[in-house]
Amino acid sequence: MIAFLDYGAGNVRSVINAIESLGEKVAIVETPEDILSAERLVFPGVGAFGSMINRLHEKNYLEPLREYLNSGRPFLGICLGLQALFEGSEEAPGVRGLGFIRGVVKRFDLDLSVPHIGWNGLNIKKPSLIFAGFGGEEKFYFVHSYHVVPDDAGAVLTTTDYGCEFISSIQIGNIIATQFHPEKSGSSGLRILENFLKTAAEQCMPVRLAQKTRLAKRIIACLDVRTNDQGDLVVTKGDQYDVREKGVVRNFGKPVELARRYYQEGADEIAFLNITGFRDFPLEDMPMLEVLRQTSKNVFVPLTIGGGIRDYTDKNGRQYKALEVASEYFRSGADKVSIGSDAVLIVEEYLRTGHGTGLSSIEEISRVYGNQAVVISIDPTRVYVKSPDEAKHQVIKTTIPGPNGEGYCWYQCTIKGGREGRDLDAITLAQVCEKLGAGEILLNCIDRDGTNLGFDLELIRAVSEAVSIPVIASSGAGRVEHFHEVFSRTGAESALAAGIFHRKEVPIAEVKNYLKGKVEIRL
Ligand code: 1PR
């Protein structure tokens with residue numbers, strides 16, 4: 001039996017699912033005494049350092065945790081569950097951590113995108129039971145803006161390279177903690193968990209050739225989900241956002257089954273977009289929560305969910321915060337939420353007043369769950385102009401002239417699934433969202449969506465150069481070459497596709513085989 005510390009934030013369901021998939025039983029810690037009597041403890045920290053420590057404090061878990069750690073019984077900390085072991089974090093100045101390891105948690109100070117999101121490798125520094133069965137070249141899923149800096153290097157189990165060499169896991173006796181997420185790292189991650197769960201495993205030291213670890217470019221499968229005219233929840237796919245063919249909503253199958261297929265085929269991440277979320281209220285749209293619960297039972301890569309994440313007042317006048325909606329999604333198995341229409345309205349307000357309110361969905365969700373949990377989904381469309389000063393927006397010079405030979409364009413943001421254009425450009429939107437706390441940009445393009453013509457490289461380049469958070473290139477993938485093109489010619493960290501995967505025109509494995517040797521990927 002594994003005691004499991006759920007302090008009420010973030011997606012802990014995936015860790016429980018991963019452990020249970022290995023045949024182990026999980027008992028959720030309900031009281032401080034449960035920590036003291038545990039024989040094995042798993043602590044999957046998710047969210048932001050300050051709110052995590054506050055929650056642990058409110059639940060009177062801090063002292064029992066220190067006592068448990070000092071007893072030397074087996075402990076596995078994940079992500080914030082590693083950072084919590086330290087004395088404090090730059091993320092929450094003045095908030096004291098558990099102090100089990102001397103040292104602090106620092107924010108990445110790099111020219112690269114932060115958060116560090118994606119699949120990266122390990123430089124193994126000492127033998128450990130968790131490495132049984134490893135070759136040394138495996139990649140694991142990371143998502144964090146902060147990394148631990150111990151005073152003493154003795155605890156370091158692995159390091160990882162991302163602009164600098166940072167500590168990606170520690171081990172002191174039976175206390176093991178990883179910055180990466182084993183529960184989100186496919187079969188390699190499950191093996192780490194399995195090794196930890198075994199009581200008498202051998203200590204192993206897999207050898208990697210002495211080169212730096214490299215962050216892989218991610219291939220993301222996207223499932224646009226909506227209810228069709230028969231009332232079934234289906235995966236659909238539009239052409240330039242029109243999902244109907246001869247008046248009927250296209251149906252590519254059931255979301256849970258398709259997500260499982262893409263996981264097995266090697267997708268590095270799965271995104272679900274509830275494309276009619278802008279008109280329904282997701283907490284009443286329970287099927288999406290159920291889709292997440294079911295998917296997270298056997299899909300062990302990150303799951304993003306979008307659609308309808310905004311404040312909402314129901315017909316009885318009850319107000320719901322976007323944060324509540326997001327919390328429900330995280331509890332059901334989502335790792336990130338993506339915000340579309342609401343982000344546009346928030347940025348418009350920001351540009352009107354010159355500041356954030358502190359109460360917007362982007363600010364509130366990132367404060368509680370961390371920046372990495374907030375993705376901004378942008379649905380832009382090109383607006384051509386003859387000269388840069390013809391529009392008061394961020395205009396780019398284009399090599400694809402407009403219908404009247406225009407040599408410039410700006411990218412107009414839309415809301416409600418592309419139905420309504422707004423007086424705001426995609427580059428400004430991305431920049432303001434980053435300031436407000438967003439951790440990643442999902443950059444669609446209505447003009448390219450479903451066309452198979454390739455990604456809009458000019459759009460992706462312009463946005464990725466304008467922000468320092470990772471950008472997911474989306475819309476238009478039609479051939480394997482398009483993925484290489486987007487990675488070699490823009491700053492995109494990942495590429496998302498839908499139609500070619502749904503129609504089985506280009507399987508994920510074919511994309512990866514083509515990229516192998518050209519671009520760092522997870523095989
Ligand atoms: O505005 O916060 O409620 O979120 C709604 C979400 O639903 C947004 O993320 C928005 O992008 C999405 N959405 C709304 N309507 C549609 C539609 O298609 N009618 N889908 C829609 C967006 C675009 C991509 C697509 C790529 C790749 N789908 O996600 O998967 O373009 O497609 P391809 O590879 O086939 O070209 P809110």
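Bear in mind the structure is a predicted one, so any value in this text is a computation, not a measurement. When a residue number appears, it is its place in the shown sequence, counting from 1. All ligand and atom numbering here is 1-based and tracks the order in the structure.
Remark: R310 is not positioned above the aromatic ring of Y312, lacking an NZ or CZ atom under 6.0 angstrom from the ring centre and at most 45 degrees off the axis.
Counted by atom type alone, Q431 and Q394 present one or more donor-acceptor pairs between their side chains at under 3.5 Å.
Looking at R522, its side chain does come within 3.5 Å of a backbone N or O of A267 through a donor-acceptor pair.
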What side-chain donor-acceptor pairs closer than 3.5 Å can you find for residues 109-117, not counting sequence neighbours?
from	atom 1	to	atom 2	distance (Å)
S113	OG	E493	OE2	2.6
H116	ND1	H144	NE2	2.9
H116	NE2	N120	ND2	3.2

Tabulating one pair per line, provide the atom names and distances (0.1 Å) for every N/O atom of ligand 1 that is less than 3.5 Å from a protein N/O atom.
from	atom 1	to	atom 2	distance (Å)
ligand 1	1 (O)	S341	N	2.8
ligand 1	1 (O)	S341	OG	2.6
ligand 1	2 (O)	G340	N	2.9
ligand 1	2 (O)	S341	N	3.4
ligand 1	3 (O)	G308	N	2.7
ligand 1	9 (O)	S377	OG	2.6
ligand 1	11 (O)	S377	OG	3.3
ligand 1	11 (O)	D379	OD1	2.6
ligand 1	11 (O)	D379	OD2	3.2
ligand 1	11 (O)	N444	ND2	3.4
ligand 1	19 (N)	Y241	O	2.9
ligand 1	20 (N)	D224	OD2	3.3
ligand 1	28 (N)	D224	OD1	3.4
ligand 1	28 (N)	D224	OD2	2.9
ligand 1	29 (O)	N444	OD1	3.4
ligand 1	31 (O)	D449	OD1	2.6
ligand 1	31 (O)	S475	OG	2.6
ligand 1	32 (O)	K237	NZ	3.4
ligand 1	32 (O)	D449	OD1	3.3
ligand 1	34 (O)	A498	N	2.9
ligand 1	35 (O)	K237	NZ	3.4
ligand 1	35 (O)	G499	N	2.9
ligand 1	36 (O)	G450	N	2.8
ligand 1	36 (O)	G476	N	2.8

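Applying the ring-ring contact (aromatic ring centres under 6.0 Å, His included) rule to H482 yields no partners; only residues at least two apart in sequence or on another chain are considered.
Residue pairs meeting the salt bridge (charged side-chain N to carboxylate O under 4.0 Å, His left out) criterion with at least one partner in residues 449-459, sequence neighbours excluded, are K237-D449, R382-D456, R382-E458.
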